[in-house]
**Q** 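Before I ask anything, here is the structure I am working with.
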Amino acid sequence: MNLLYQSTRGKETGVTASQAILKGIASDSGLFMPTQFPKLEIPMSQLAGKSYHETAYEVMRLFLTDYTEEELKYCIANAYDDKFDTKEIVPLVKADNAYYLELFHGNTIAFKDMALSILPYLMVTAARKNHVDSEIVILTATSGDTGKAAMAGFADVPGTRIIVFYPKDGVSRVQELQMVTQKGDNTSVVAIHGNFDDAQTGVKKMFADQELAAELAAKGFQFSSANSINIGRLVPQVVYYVYAYAKLLKEGEIKDGEQINVTVPTGNFGNILAAYFAKQIGVPIKTLICASNDNKVLYDFFRSGIYDRKREFILTSSPSMDILISSNLERLIYLSTGCNAGETAKFMEQLTSTGEYTITEKMKARMADFYGGFATQAQDAEAIRSLYEKTGYVMDTHTGVASAVYNRYRKEEQDETKTVIASTASPYKFSKSVMEAIKGSLPDLDEFKAIDLLHETSGTAIPQAVEEIRNARIRHNLECDIDQMKDTVVKILGIS
C-alpha cells in the first residue's frame, strides 16, 4: 500500500511521506496526516522477539511507504547506534506499580533523541528522493529539549542548516547550556524575550510567510521543521510504544492481547499522540492518560471540551511542559471531526483570533480514549520523593508529573490495568529540582553541585552529555524580541 498524506486544513493532498517530511508543515499551516491508519502486519508475539531496530523497521515501513527497505534500514541503523548508552535503546523499568519507559538514553538525555536522531537521515534521504537542490533550513521552537536534540542531529549534516528559538529564562540551566555550547558550523540558537508559545507562534508565522519563502527560494533555501509537527518526528515516536508492549509480553508481564494503559507527561501533545497512533495500528492500549503540569490547558480541554489558551503562563520545574498552545492537538481535532479539514481549519482560526474553541459532543465522544489529569509542582515533588523512598528509583520532574497523575487516576478510577509511563528525560537534566524534591529546599545548591549530589544519592552514572557541558565554551549568544524573529533568521542566513 502506498500511504499518502494530506493537510489537516485541506489545501494539500496526495503528498508522499518523504514530501511531507521535507515540508514539515503544509502551505496552509495545517499538519500532515496519513489518509488512513495502516495495521501492524506481524503479530505482537513475533514482535516480542525483535530488537528495537527491527521493531522500528516494522512500524516505520507502514507509514513511510515511499522509502525503500534499504533506505529505511540505513536511517534506523545510523540513528540508533552507540550514541545511546544502552543496547536496548529504550529500557523498560518496573518501579512500584508502573513500568517506566526510559526514553532518555540518547546523547542529549531526553526523549526527543528518539525521533531527532533519525529525522536528519529521513530528511536527507527525502531530499535526494525528491531531487531537492535547495539547502534545507530547519527552523524550530523549543521548550527545552527539542532544540538541543535537533541541533545534535543536524550538526554539520551536509545540505542543512538549523536555527533554534528558545524562551530566555524559560528552560533549565542544563537545557540552556546544552544548546548554547552546541558545536556545528550550520547551527544557530536564539533566546527570545518571551515564552515557548511566543517562539512557536513566531516560527509558524515564518512558515506561512509566502514572501519570505520566495526570498529563501531565490537564495537557494527552503524551510523545514524539526518540531513534532513534522510527521518525520511523530512516526519514530510510535515505535517505542509498540516496543514497550512487545517487551512486556516477552518478559511475561502481560498476556498477548491484554490491554495496557499509557501515561505521558504532555506539553505539545506529540508524544501522547504517537501512543494514540500506536493504538490505531493495533497495540492493545486501553486509556491514554494525558498528564499536565500547572499549565493545565489540556486537562481543562479533556474535562470541558473547551480549549482556552487565555490564561496565565506559569514557569514550572517541568519546563518542557510549560506550553499553552499544544500544536499536535490539531491532529486529534482533525480525527475527531471525521477528518473534516474545513471544520478543523475553523477551529484553528478561532484559536488564533479569539484564543479558544469549543468542540462538539460528538467530537468529545471520539476522544474517549483520553483521560486528562494534572499535577502541581508540590504534587510532582511528592511523587519523585515517594517513589525514591519506596524503591530507590529516581525520575525527573516531567516523569514525576506523569507518575503523580497516574497514581491519582488509578485511585479515582479504580483501574488496575498495567501501565507504561513515558519517562521523558534523565533526572540529571533537572537535578536541582529533583534533589529538592527528595531532600527539601537547597537554596545554596547550584546546578552542577546538584548533579554531583544526585549521583551520590541515586548511585547512577552521570551522563556524558552532562559532563560535557561543565566546562564547554559558549558558542551561541544571540537574543531577540518576539517581533524580531524573522529579521534574525534573515540575518543568520545572510539573505537581506
**Q** Does the Tyr80 side chain pair with the main chain of Met114, one donor and one acceptor, at a distance under 3.5 Å?
**A** yes

**Q** Is it true that Lys429 and Asp396 make a salt bridge, defined as a side-chain N closer than 4.0 Å to a carboxylate O?
**A** no

**Q** Determine, step by step, whether Glu382 and Arg385 satisfy the side chain to side chain contact (heavy atoms under 4.5 Å, CB included) criterion, reporting the C-alpha distance in whole Å, the side-chain angles of both residues, the deciding distance to 0.1 Å, and the verdict.
**A** CA-CA 5 Å; Glu382 170 59 23; Arg385 183 194 62 77; 2.5 Å; yes

**Q** Check the surroundings of atom CD in Glu211: do more than 12 heavy atoms from other residues, nucleotides or ligands lie under 6.0 Å from it?
**A** no

**Q** Please check: side-chain N/O of Thr8 versus main-chain N/O of Tyr334, any donor-acceptor pairing under 3.5 Å?
**A** no

**Q** Between Phe370 and Tyr276, is the ring centroid distance below 6.0 Å?
**A** yes

**Q** I'd like to know if the side chain of Thr266 reaches the main chain of Ser292, judged simply by a donor and an acceptor atom lying under 3.5 Å from each other, with no hydrogens or angles considered.
**A** no

**Q** Can you tell if the side chain of His193 reaches within under 4.5 Å of the side chain of Ile482, non-hydrogen atoms only?
**A** no

**Q** Once ring pair (Phe, Tyr, Trp, His ring centres under 6.0 Å) is applied, do any residues pair with Tyr67, and if so which ones, sequence neighbours excluded?
**A** none

**Q** Determine yes or no for a side-chain-to-main-chain donor-acceptor pair under 3.5 angstrom, with Asn293 supplying the side chain and Ser318 the backbone.
**A** yes

**Q** Is it true that, when you exclude Lys310 itself, more than 12 heavy atoms of the residues, nucleotides or ligands shown sit nearer than 6.0 Å to its NZ?
**A** yes

**Q** Could you tell me whether a side-chain N or O of Arg233 sits under 3.5 Å from a main-chain N or O of Ala226, the two making a donor and an acceptor?
**A** yes

**Q** Between Arg410 and Glu413, does any NZ, NE, NH1 or NH2 come within less than 4.0 Å of an OD or OE carboxylate oxygen?
**A** no

**Q** In terms of heavy-atom contacts, does NZ of Lys286 have more than 12 from other residues, nucleotides or ligands at under 6.0 Å?
**A** yes

**Q** Are Tyr52 and Phe84 near enough that their ring centres are under 6.0 Å apart?
**A** no

**Q** With sequence neighbours excluded, what pairs up with Asp300 under the side-chain hydrogen bond (donor to acceptor under 3.5 Å, both in side chains) test?
**A** Lys296, Arg311

**Q** Any donor-acceptor pair under 3.5 Å linking the side chain of Lys247 with the backbone of Leu92?
**A** no

**Q** Under the criterion side-chain contact (heavy atoms from CB on, under 4.5 Å), which of Leu298, Thr358, Ile333, Ile359 is the partner of Tyr307?
**A** Leu298

**Q** Tell me, yes or no, whether the heavy-atom count around Lys39 atom NZ, taken from other residues, nucleotides or ligands under 6.0 Å, exceeds 12.
**A** yes

**Q** For the backbone of Phe111 and the side chain of Thr424, can you confirm whether one donor and one acceptor N or O come within less than 3.5 Å of each other?
**A** no

**Q** Before we go on, tell me: are the rings of Tyr299 and Phe374 under 6.0 Å apart, centre to centre?
**A** yes

**Q** Under the side-chain hydrogen bond (donor to acceptor under 3.5 Å, both in side chains) criterion, do Lys112 and Thr142 qualify, and how do the steps go?
**A** CA-CA 11 Å; Lys112 306 294 173 74; Thr142 184; 5.5 Å; no

**Q** In chain order, what residues pass the side-chain contact (heavy atoms from CB on, under 4.5 Å) check against Thr360, with sequence neighbours excluded?
**A** Lys362, Met363

